[in-house]
Amino acid sequence: MSTDDDATALRLDRDHVFHSWSAQAHLSPLVIAGGLGSTVWDHAGRRYLDFSSQLVNTNIGHQHPKVVAAIQEQAATLTTVAPATANLTRGLAAERVLSHAPDGFTSVFFTNGGADANENAIRMARLHTGRDKVVSAYRSYHGNTGAAVVATGDWRRVPNEYARAHVHHFGPYLYRSEFWATTPEQESERALHHLERVIQAEGPTSVAAILLETIPGTAGVLVPPPGYLAGVRAIADRYGILLILDEVMAGFGRTGRWFAFDSFDVVPDLITFAKGVNSGYVPAGGVILSEPIAKTFDDRVFPGGLTYSGHPLAMASIVAALDAMADEGIVENAATVGRDVLGPGLAELAATNPLVGEVRGLGVFWAVELVRDQATREPVDAALMGRVKAGALARGLLPFLADNRVHVVPPCVVTPEEAETGLGLLTEVLAEVA
């Protein structure tokens with residue numbers, strides 16, 4: 001491997017690859033040739049501590065040997081099979097996923113990723129309830145398929161609004177409260193009042209589901225305040241509405257729990273997942289169905305399917321990843337690193353750097369919100385964020401940036417020493433930029 005390979009990779013990328021969410025003429029992507037654990041490198045051997053987990057999905061880290069071996073073994077046995085067949089590896093994957101779900105969840109519909117997981121959960125909710133509308137938050141991201149992108153609240157929804165019957169509301173975000181709240185309790189109470197009023201105004205009998213990220217991820221790692229998710233559950237129950245919790249980014253260890261909702265007093269009706277279930281080694285996602293919804297389709301055809309639903313290579317990677325995470329205490333490691341290293345370190349950063357308006361998070365799922373002025377909370381601009389990114393990469397730190405935030409989201413296998421190293425590099429960058 002050499003710098004020539006990096007140059008070739010860049011040339012081929014620029015000549016032939018069309019990138020998502022990008023103006024194509026202005027791209028200069030980082031070349032990644034390999035990785036192991038929490039580290040990646042290019043062809044020339046330049047190494048980066050991966051504080052992005054790529055797209056917050058490599059929870060088990062790069063190239064975990066047990067997952068790689070499981071994919072290789074499955075490839076030697078059966079590389080693909082139609083979803084209508086029964087397959088042992090698929091059944092084992094469903095069993096492993098359900099072992100971490102609450103009581104009352106009985107089956108898994110496998111998809112290719114998180115977007116079509118949300119797409120199919122919405123379809124299931126509409127068919128189960130006989131209602132049409134889906135209520136979701138403005139600060140959210142649910143994927144780039146037809147209904148999922150319209151359920152999304154951020155700017156990506158606006159040029160893609162071709163799906164019907166979607167309604168949005170403001171969720172809790174005390175740092176930039178829409179409700180003039182000054183405490184977490186006020187924010188929770190007022191956000192719940194707002195949500196219920198939106199549902200009442202839309203007509204409760206027309207609403208099939210409330211779709212929420214348990215902890216909105218790309219929108220800013222917005223940990224819900226006390227009582228909020230339990231309050232949403234109560235509103236849903238009051239009006240016969242299903243609650244879908246999107247655990248695509250927050251699930252399978254990211255928050256230091258198997259599911260993010262395990263930290264809150266709530267059980268949904270449908271759970272969507274992807275990313276951390278197998279760390280993206282092979283594309284996979286799914287919907288976990290509670291028994292009443294699954295029974296809807298006992299004698300009624302579910303009008304949905306995917307050629308690669310339950311693909312054997314993906315299923316083998318799920319079995320191996322979840323087994324390794326359980327055997328090696330990887331979820332517990334995420335909780336420990338968050339509690340002992342990332343949480344205290346980021347709190348110290350917030351106390352010492354004038355650019356930092358707020359830090360928030362759980363486990364290995366944190367956001368550092370950067371502001372021009374701590375009093376006015378004016379967000380920093382894109383130019384400053386560009387300097388943050390450049391400074392991090394120059395120091396060998398691969399960051400995840402969104403709007404005016406640096407998301408601190410290393411793999412769940414990150415060691416305390418690696419976490420401390422990453423925090424030190426981020427502190428250097430922000431001190432330089434400030």
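Everything numeric here is computed off the predicted structure, so don't read it as measured data.
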inquiry  = Assess the residue pair L270 and L243 against the criterion (side-chain contact (heavy atoms from CB on, under 4.5 Å)); give the C-alpha distance rounded to whole Å, side-chain angles, the decisive distance to 0.1 Å, and a yes or no.
reply    = CA-CA 7 Å; L270 292 164; L243 175 59; over 6 Å; no
Stepwise side-chain contact (heavy atoms from CB on, under 4.5 Å) check, T296 with F302 = CA-CA 9 Å; T296 296; F302 175 63; over 6 Å; no
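Side-chain contact check for I244 versus L212: every heavy-atom pair is 4.5 Å or farther apart. Considering only heavy atoms from C-beta on, Y138 stays 4.5 Å or farther from Y173 through its side chain. Looking at E418 and P410, their side chains never come closer than 4.5 Å, going by heavy atoms from C-beta outward.
H407 and R405 are linked by a side-chain donor-acceptor pair at a separation below 3.5 angstrom, with hydrogens and angles left out of the test. Remark: the R190 side chain and the S177 side chain contain no N/O donor-acceptor pair separated by less than 3.5 Å. Residues S38 and D50 bring no donor and acceptor atom of their side chains to less than 3.5 Å of each other. If you check the side chains of T89 and Q74, you find a donor sitting under 3.5 Å from an acceptor. For the residue pair T182/Q186, the side-chain donor-acceptor check at 3.5 Å is satisfied. Side-chain atoms of R156 and N144 form no donor-acceptor pair, as typed in the model, at a separation below 3.5 Å. A donor and an acceptor atom, one from each side chain of S140 and E213, are nowhere located under 3.5 Å apart. Under the 3.5 Å distance criterion, with hydrogens and angles disregarded, no donor-acceptor pair is assigned to the side chains of T85 and N87. Y228 and E189 share no donor-acceptor pair across their side chains, judged by distance under 3.5 Å alone. Side chains of E291 and T106: no donor on one and acceptor on the other come within 3.5 Å.
A distance of 8.5 Å separates OG1 of T152 from CG of L211, quoted to the nearest 0.5 Å. Rounding to the nearest 0.5 Å places CD of E332 at 10.5 Å from SG of C412.
Of the possible polar contacts, none joining the T58 side chain to the S279 backbone as a donor-acceptor pair under 3.5 Å is found.
Counting non-hydrogen atoms of neighbouring residues, nucleotides and ligands closer than 6.0 angstrom, the CD atom of E73 reaches no more than 12 such neighbours. Other residues, nucleotides and ligands contribute only 12 or fewer heavy atoms inside 6.0 Å of the OH atom of Y308. The 12-atom threshold is exceeded at NE2 of H19, counting heavy atoms of other residues, nucleotides or ligands nearer than 6.0 Å. At most 12 heavy atoms of other shown residues, nucleotides or ligands fall within 6.0 angstrom of atom CH2 in W180. Heavy-atom neighbours of E428 CD from other residues, nucleotides or ligands within 6.0 Å: above the threshold of 12. Heavy atoms from other residues, nucleotides or ligands lying under 6.0 Å from CG of D103 number 12 at most.
Between F179 and H194, the angle of the ring planes lies from 30° to 60°, which puts this pair in the tilted group.
Of all heavy-atom pairs spanning Q54 and V40, the tightest one is NE2-CG1, 4.2 Å. The minimum heavy-atom distance linking P226 with P184 is given by the pair CD-CB, 3.9 Å. Between A117 and V287 the shortest heavy-atom distance is O-CG2, 3.2 Å. Between H43 and V31, the shortest heavy-atom contact is CD2-CG1, 3.7 Å. Between D269 and F105 the shortest heavy-atom distance is O-CE2, 3.6 Å. Closest heavy-atom contact between D246 and H142: OD2-ND1, 2.8 Å.
At a threshold of 4.0 Å, the pair R176-E369 counts as salt-bridged, since one of the basic side-chain nitrogens sits closer than that to a carboxylate oxygen. Under the 4.0 Å criterion applied to side-chain N and carboxylate O atoms, K66 and D323 are not assigned as salt-bridge partners. Of the charged side-chain nitrogens involved, none lies within less than 4.0 Å of a carboxylate oxygen, so that R47 and D42 do not count as a salt-bridged pair. A salt bridge links E432 with R395: at least one charged nitrogen is closer than 4.0 Å to a carboxylate oxygen.
Only one option out of D373, V371, L384, V368 pairs with L355 in a side-chain contact (heavy atoms from CB on, under 4.5 Å); it is L384.
Taking the salt bridge (Lys or Arg N to Asp or Glu O under 4.0 Å) definition, one finds that D340 meets it with nothing, sequence neighbours left out.
Within the cation-pi definition used here (under 6.0 Å to the ring centroid, within 45° of the axis), R46 does not qualify as a partner of W41.
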